[in-house]
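The structure displayed is predicted, hence computed values, not measured ones.
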Amino acid sequence: MLKLKPVSAALAAIGLSCALLSLPARAQDGVHTVTSDSPFEQVMTDLEDAIVNRGLVVDHRGRVGDMLERTAADVGGARLYRKAEFLQFCSAVMSRKAMEADIRNIAYCPYVIFAYEAEAKPGEVTLGFRELPAGPGRDGVNALLAEIVEQAADGL
């Protein structure tokens, strides 16, 4: 069995996660995406505004593209993104409804919305989220996340 040092294991896990985010979305893969021709920074501002304007709070902003750029020399690989970030947040109201419907829905909180400008497609920003499986309490979360990304893609 291959044993990795903790730092190597963490970098491998992050790299795998980022690679999975870069795959093109297909209907059956559970990733909802839309595109925008607005500049990346504007899309991120619109995403954050679309979240905050609903009374929600962004808990964390992850700069995936910066991490990949920073670690490129250590792990190798081609440049995938010009920019890539995610926003993590939660909704007390939506989460409570979801968890009251099925206590195991805790697995889907917090919510994450991502945006990236691929190196191969400059000027096109992809926004999206991992869809929660259909079911009690989760359908409303998917609808909320879809509204947020579509609103941001349209420029609020």
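- Contact between G137 and A98 at its shortest, heavy atoms only, is O-CB, 3.3 Å.
- Contact between P133 and R138 at its shortest, heavy atoms only, is O-NE, 2.7 Å.
- Here the OH atom belonging to Y81 is positioned 12.5 Å from the NZ atom belonging to K121, to the nearest 0.5 angstrom.
- Between atom OG of residue S95 and atom CD of residue E100 there is a gap of 11.0 Å, rounded to the nearest 0.5 Å.
- Using a 4.5 Å cut-off on side-chain heavy atoms (C-beta onward), Q42 and S36 make no contact.
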Name each donor-acceptor pair under 3.5 Å that joins a side chain in residues 61-70 to protein atoms two or more places apart or in another chain, with its distance.
from, atom 1, to, atom 2, distance (Å)
R61, NE, E85, OE1, 2.5
R61, NH1, E48, OE1, 3.3
R61, NH2, E85, OE1, 3.0
E69, OE1, R79, NE, 3.3

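- Connectivity analysis of hydrophobic side chains (ILVMFWY, heavy atoms under 4.5 Å, direct or indirect) links V43 to V34, F40, M44, L47, I51, L56, V58, L87, F89, M94, Y108, Y111, I113, V125, L127, F129, L132, V141, L144, L145, I148, V149.
- In this structure, the side chain to side chain donor-acceptor pair (under 3.5 Å) partners of E150, at least two apart in sequence or on a different chain, are H32.
- Scored by the side chain to side chain donor-acceptor pair (under 3.5 Å) test, R104 finds D102 as partners (sequence neighbours excluded).
- Partners of R82 according to the side chain to side chain donor-acceptor pair (under 3.5 Å) rule, which considers only residues two or more places apart in sequence or in another chain, do not exist here.
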Stepwise, does the side-chain contact (heavy atoms from CB on, under 4.5 Å) test hold for Y116 with T33? CA-CA 11 Å; Y116 64 84; T33 60; 5.5 Å; no

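- One distance of note links CD of E131 with CG of D29; it measures 8.0 Å at 0.5 Å rounding.
- With sequence neighbours left out, E117 forms a side chain to side chain donor-acceptor pair (under 3.5 Å) with no residue at all.
- In this structure, M99 CE and C109 SG are separated by 4.5 Å, a value rounded to the nearest 0.5 Å.
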